[in-house]
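Only one structure is covered here, and it is reproduced in the block below.
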Amino acid sequence: MVGPKHRGMPASVVTSATSSADSMAGEAREVAVALDDMKFSAAHFVAFKGFREPVHGHNYSVGVRAGGGALQADGYVADFGDLKKVARKACKKLNHCTLLPMRSDVLQIQRSNQSNGSNGQLEVRCEDGSLMSFPEQDCVLLPVVHTTAEEIAEHLWWDILVTQNLSALLLSRGIQWMEVTVSERPGQGANYRAAVARTTSPQARRRALTGVPTPTPCAAFNGGSGMKDGCSGGACSGAACGVAGQQPMASPTSAVADLPASEPSNGYGAAVASELSNEDIAETAFRMLLSTLGVEESSRPELDRTPARAAKAFREMTAGLSVKDPLTVVGKGLFDVEEAHDLVAIRDIPFHSMCEHHLLPFSGTAHVAYLPEGKVLGLSKFPRLLQVYARRLQLQERLTTQFAEALQGLLQPRAVAVALEATHSCMCHRGVGVNASTRTLVLRGPGRDDKALREQLLDGVSFSSTSRARL
């Protein structure tokens, strides 16, 4: 049976057949790996209300067990190589790092400002007022309340099964449960075991990424003498217990929000990327989407990196959302030209956007014509400005209006016309399946109702005389 006696598993590879009440009726099998290269060295400290231990390190060892399935046609319950590969990768992510808990209710974590271009620091402020600073590149933020062996074991369980997608492979082989052991030293460790099928539930995956377990303090502190009865007075003493009447710390969510999003490297990223980052949430979502195709299809090795690639593509296609004020992309590209009063037309500007109804792309070209009043915009700024509005969830009608009104606000011309012509994947690749193009037109400015000026603008954006007659 799997239980506390297996904490601190020896370096070994084990196959066994057991009879277990929590497995299928009759004989059940399990496999286990716990090798010398499934280890990581990391620094951490545990903190909760009224207690903070010093920063210290452990040489952790990791073991993985899985079972509940029958022998497959190849004679294995599961391939040892698959278990070893994901366990080693999980250890590599945490090796030689300082582990910080993102969900702590007594710590605030934020990035310090760096003016000299050097690597940043992560500052950790504790409820007792103490401040610690760690090199950002040496830290990993874990989605846990504490960094105890118990929580690290659970974190690695989700990392191995969800982030590394081992769950699809195990389920395809009939594996019912998996257990992760994290040992701080021989004979001292913690296990986390749960049903592999738990990972197929969107609610469970979401809880793994966003749920916050409730911390259990060993000694709370009060507003009187500082320590309650039962405080050991050892590690939990003086400064560690805090000051009487101290105000509660801000929520961990608000503290972590001060950290700007960063591009991940090596899965989590050497600095602040974690399972709570937008990048990893998106990748997990795409992996879940692939799982709806069935275990056989979604577990193909060719699809192993597909969720990461799809998440990156999604970020690129919505990159315009990161620009808070789209007009800033023109920079110093606005010029006063006293003689500029005649028609300016810019044609065939390519753009790519994403339909907000089906999350499918639509692409096309834009045409702009305007009648300046002594102010012109640098030609390269037109595609830059269009891209900011296009690279987000959009409707072609809204995109045309936003682009036209932005130009009107920047240039204050007598009139401006914007025409977009695009082909929509949501129309030609699904549903009716018609490869038709859609054209939209927006005119802005005080002179847009003047018939002569209107004719010039429509000529500039290439509307035919037949089309103009309908406007």
Side-chain angles (χ1 to χ4, degrees), residues 320 323 325-356 361-428 434-471:
V323 181
D325 182 2
L327 300 185
T328 59
V329 300
V330 305
K332 299 179 180 179
L334 200 60
F335 305 98
D336 292 319
V337 181
E338 185 178 349
E339 301 83 3
H341 295 282
D342 297 315
L343 182 73
V344 178
I346 307 95
R347 294 175 37 78
D348 301 320
I349 307 171
F351 71 90
H352 305 278
S353 190
M354 182 181 289
C355 168
E356 66 183 38
F362 65 93
S363 302
T365 55
H367 313 294
V368 176
Y370 70 100
L371 292 161
E373 285 278 51
K375 186 179 294 185
V376 298
L377 185 64
L379 296 180
S380 67
K381 307 307 178 185
F382 288 92
R384 289 184 186 275
L385 186 58
L386 175 60
Q387 186 177 36
V388 172
Y389 288 111
R391 294 285 182 167
R392 61 186 68 199
L393 302 184
Q394 266 291 11
L395 298 176
Q396 183 175 332
E397 297 86 344
R398 183 194 302 127
L399 175 58
T400 312
T401 299
Q402 289 176 337
F403 190 31
E405 291 182 346
L407 293 175
Q408 177 63 32
L410 281 170
L411 294 164
Q412 295 296 310
R414 284 182 287 167
V416 61
V418 170
L420 268 58
E421 188 166 4
T423 301
H424 294 247
S425 298
C426 58
M427 184 175 181
C428 60
V434 174
N435 192 26
S437 62
T438 302
R439 173 172 277 199
T440 49
L441 172 69
V442 170
L443 293 94
R444 288 292 184 268
R448 64 179 176 174
D449 294 326
D450 182 284
K451 185 174 181 180
L453 296 183
R454 190 182 184 92
E455 287 291 323
Q456 290 187 60
L457 293 172
L458 295 179
D459 276 338
V461 295
S462 299
F463 261 68
S464 66
S465 57
T466 304
S467 300
R468 277 180 265 173
R470 297 172 181 169
L471 297 175

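Predicted model only: the values in this text are computed from it and were never measured.
Atom OG1 of residue Thr400 and atom CZ of residue Arg439 lie 11.0 Å apart, to the nearest 0.5 angstrom. Taken from OG in Ser380 to CG in Leu385, the straight-line distance is 11.0 Å, to the nearest 0.5 Å. Atom CZ of residue Arg414 and atom NE2 of residue His341 lie 8.0 Å apart, to the nearest 0.5 angstrom. With values rounded to the nearest 0.5 angstrom, Phe382 atom CZ is found 3.5 Å from Ile346 atom CD1. Taken to the nearest 0.5 Å, the OG1 atom of Thr438 stands 6.0 Å off from the CE atom of Met427. The OG atom of Ser353 sits 10.5 Å away from the CD atom of Gln387 when rounded to the nearest 0.5 Å.
Across all non-hydrogen atoms, the minimal contact from Asp348 to Thr365 is CA-CB, 4.2 Å. Counting all heavy atoms, side chain and backbone alike, Val376 lies closest to Leu411 at C-CD2, 3.6 Å. Residue Ala415 comes nearest to Gly447 through the heavy atom pair CB-C, 3.9 Å, listed as atom of the first residue, atom of the second, then distance. Among all heavy-atom pairs drawn from Leu393 and Arg398, the shortest one is O-NH1, 3.9 Å. When all heavy atoms of Val330 and Lys381 are compared, the pair lying nearest together is O-CE, 3.4 Å. Contact between Val416 and Ala404 at its shortest, heavy atoms only, is CG1-O, 4.0 Å.
Under the 4.5 Å side-chain criterion, counting only non-hydrogen atoms from C-beta, Val337 is not in contact with Pro372. Taking 4.5 Å as the limit, some side-chain heavy atom of Gln408 sits within range of a side-chain heavy atom of Pro413.
Phe351 and Phe362 have perpendicular rings, their planes meeting at more than 60° on a 0 to 90° scale where under 30° would count as parallel.
Using modelled atom types, one finds a donor on one side chain and an acceptor on the other under 3.5 Å when comparing Gln396 with Thr440.
No donor-acceptor pair closer than 3.5 Å links the side chain of Glu421 to the backbone N or O of Ser437. The backbone N or O of Leu443 lies less than 3.5 Å from a partner atom in the side chain of Arg448, making a donor-acceptor pair. Looking only at distances, a side-chain donor or acceptor of Arg392 sits under 3.5 Å from a matching main-chain atom of Gly320.
Crowding of Arg384 atom CZ: a count of heavy atoms from other residues, nucleotides or ligands under 6.0 Å not exceeding 12.
Between Tyr370 and the choices Val344, Leu407, Leu343, Val418, the side chain to side chain contact (heavy atoms under 4.5 Å, CB included) rule is met once, by Val344.
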Decide yes or no on side-chain contact (heavy atoms from CB on, under 4.5 Å) for Val442 and Glu397, but give the supporting numbers first.
-> CA-CA 9 Å; Val442 170; Glu397 297 86 344; over 6 Å; no
